[in-house]
Amino acid sequence: MKNTLEPARTVTAVAGPSLALTKYWGKHCEGINRPATPSLGVTLSTFQSTACVTLTDGQPRITVNKVPQPLDRFQPFLDEATRVLGPRRFDAVCTNNFPTAAGLASSSSGFAALATAATALSGRFLTQAEISALARVGSGSAARAVYHGFTEFPAGAEYAEPLYGPDHWPDLRIVACLVDHGPKAVSSRQGMARVQATSPYFKRWVEDAEGLHREALAALAARDLAKLGDIMRLSYLRMFSTQFSASPPLVYWQPTSVQIIQHVDGLRRRGLGVWETMDAGPQVKLICLDTDTDAVIASLQDQIPSLQTVVTTVGNGPCVSTSPRD
Ligand code: DP6
């Protein structure tokens, strides 16, 4: 059911990034950012993207961390927003409290915040699935970040779906290891396109992804961390095998990334329940339980003293605040 609400003047939405436990990597042949592979996401706490949107009569202006953005990157999203929300234009001031475009899924939280804020500003009612579909046009992974907790984005879908809230696994911790704060040279989107066009393994990756994803869903339902951790590793390492085999090859890893992967392997052999994943960037993200988090971080910092770590939990999803009208 659609209804029309009184439009607000300025709306601010805050969203956390969606970390993929199984990866969206590659585009479905039709539509904008419809995924070739299914993904399982967890929305994170602590890391935040904020989008503050205001109605304008002129050309829309979008800044991210105070830097004006080229509108061509945002045009498909703005066109879709006009289609589903009506013809009002808006300016957006977006900020991230964590490194941007560095492999920490800032585009997922950025477009989730933007879609949520633009929807509230428009005064139109959209379902969560419709907001997810709008966010997807900005960035595929943003389709997951409009929800709290755990989410699924099926292959070929136009929107992601919520699976469980944060209370499904309150003692799960996601530890982000910040290897490099700088932006990556090749965006996820460019990387996917290169892989899809040139890796001989891309087709096989897509065929394999469905089975892995189903196993991950079962492990998540059972809160089986060891099983989920093993599948999560297979998913990111198989994704990376398509990157290494692209032409020219894509290597997002840095020496510290490999050092962390090997160290975490050693911790598992010593009985600690910790598993890693990576995205299109050098950062490494770990999953473990609250009870093991301090030991994992202490051991990593002993090995790599300069390493910055951020501990997050399963997040509550976007929140919106509206400024009063003058
Ligand atoms: C490796 O969502 O950033 O983080 O849809 O082209 O904007 P576009 O790509 P994006 O890709 C995310 C890729 C990933 C895996 C994931 O988040 O599922």
Side-chain angles (χ1 to χ4, degrees), residues 15-28 30-44 47 49 64 69 72-77 80 96 98-115 132-147 150-160 174 176 183-184 186-197 199 202 205-206 209 212-213 216 231-244 246 250-253 257 276-285:
S18 170
L19 172 68
L21 304 174
T22 60
K23 305 297 181 187
Y24 148 47
W25 187 252
K27 311 280 187 198
H28 190 262
E30 283 169 31
I32 301 177
N33 299 336
R34 286 171 62 188
T37 57
S39 56
L40 174 56
V42 55
T43 300
L44 304 183
F47 290 133
S49 293
V64 175
Q69 299 296 302
D72 55 342
R73 168 71 181 91
F74 288 82
Q75 202 57 54
F77 175 85
E80 184 67 3
N96 297 318
F98 60 101
T100 301
L104 286 168
S106 59
S107 67
S108 72
S109 44
F111 278 105
L114 201 50
S132 172
L134 170 60
R136 182 208 87 231
V137 174
S139 196
S141 51
R144 301 186 311 245
V146 303
Y147 303 106
F150 298 91
T151 57
E152 183 184 22
F153 192 15
E158 296 194 331
Y159 53 87
I174 303 96
K184 55 201 175 195
V186 180
S187 71
S188 306
R189 184 162 302 177
Q190 293 163 333
M192 273 184 217
R194 188 189 300 178
V195 160
Q196 200 153 352
S199 169
F202 180 74
W205 149 254
V206 172
L212 263 192
H213 179 71
I231 296 162
M232 184 179 84
R233 290 188 77 231
L234 286 178
S235 180
Y236 94 87
L237 289 166
R238 287 178 186 174
M239 174 184 78
F240 272 97
S241 70
T242 69
Q243 298 171 359
F244 296 148
L250 262 177
V251 182
Y252 287 110
W253 296 13
S257 319
E276 85 286 352
T277 187
M278 293 178 66
D279 290 285
Q283 331 296 352
V284 185
K285 298 98 179 192

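Atoms within a ligand are numbered from 1 in the order they appear, just like the ligands themselves.
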(message) Looking at every heavy atom in both Arg189 and Lys27, which two are closest together, and how far apart are they?
(response) NE-NZ, 4.1 Å
(request) Below 4.0 angstrom from a heavy atom of Asn33, which ligand 1 atoms are there? Numbered from 1 as shown, please. (result) 5 (O), 6 (O)
(message) Please list the nearest protein heavy atom to atom 7 (O) of ligand 1 with its residue and the distance rounded to 0.1 Å.
(response) Ser139 OG, 2.6 Å
(message) Keeping Tyr252 on the side-chain end and Val186 on the backbone end, is there a donor-acceptor pair under 3.5 Å?
(response) yes
(message) Angle between ring planes, Phe240 versus Tyr236, binned at 30° and 60°: parallel, tilted or perpendicular?
(response) perpendicular
(request) Output yes when the distance from some N or O of ligand 1 to some N or O of Arg144 is under 3.5 Å, and no in every other case. (result) yes
(message) Under a 3.5 Å distance rule, please check whether Ser235 uses its side chain to pair with a backbone N or O of Met232 as donor and acceptor.
(response) no
(request) List the steps, then state whether ring-ring contact (aromatic ring centres under 6.0 Å, His included) holds for Phe153 with Tyr147. (result) CA-CA 11 Å; Phe153 192 15; Tyr147 303 106; 9.9 Å; no
(message) How close do Ala142 and Ser107 get, counting heavy atoms only, and between which atoms?
(response) CB-O, 4.0 Å
(message) With the threshold set at under 4.0 angstrom, would you say Met192 reaches ligand 1 through any of its heavy atoms?
(response) yes
(message) So for ligand 1, is Thr22 a polar contact partner (N or O within less than 3.5 Å, distance only)?
(response) no
(request) Have a look at ligand 1 and work out which part of Ser188, if any, has a heavy atom under 4.0 Å from it: side chain, backbone, both or neither. (result) side chain
(request) Could you tell me which atoms of ligand 1, counted from 1 in the order shown, lie closer than 4.0 angstrom to a heavy atom of Ala20? (result) 16 (C), 17 (O), 18 (O)
(request) Using the test side chain to side chain contact (heavy atoms under 4.5 Å, CB included), find all partners of Val195 that sit at least two apart in sequence or belong to another chain. (result) Trp25, Ser199, Phe202, Thr242, Gln243, Ala246, Leu250
(request) Flag Arg189 as yes when one of its N or O atoms lies below 3.5 Å from any N or O atom of ligand 1, and as no otherwise. (result) yes
(message) What I want to know is whether Ser18 and ligand 1 share at least one N or O pair that is separated by under 3.5 angstrom.
(response) no
(message) I need the atoms of ligand 1 closer than 4.0 Å to a non-hydrogen atom of Asp279, numbered in the order shown.
(response) 1 (C), 4 (O), 14 (C), 15 (C)
(request) Over all heavy atoms of both residues, which pair between Ser108 and Ala145 is shortest? Give the atoms and the distance, please. (result) O-CB, 3.5 Å
(message) Can you give me the closest heavy-atom contact between Gly103 and Lys285, atom names plus distance?
(response) O-NZ, 2.6 Å
(request) Mark up the atoms of ligand 1 that fall under 4.0 Å of a heavy atom belonging to Ser107, in ascending order. (result) 3 (O)
(message) Checking Thr277 now: which residues fulfil side chain to side chain donor-acceptor pair (under 3.5 Å) with it, not counting sequence neighbours?
(response) Lys23
(message) Considering non-hydrogen atoms of the protein only, which is the closest contact for atom 13 (C) of ligand 1, and what is the distance?
(response) Tyr24 O, 3.5 Å
(request) Can you sort out which atoms of ligand 1 are near Lys27, meaning under 4.0 Å from one of its heavy atoms? (result) 5 (O), 6 (O), 8 (P)
(message) Using a plain distance cutoff, I'd like to know if Gly140 has any nitrogen or oxygen under 3.5 Å from a nitrogen or oxygen of ligand 1.
(response) yes
(request) Considering the heavy atoms of Ser141, write down every atom of ligand 1 situated less than 4.0 Å from one of them. (result) 2 (O), 3 (O), 10 (P), 17 (O)
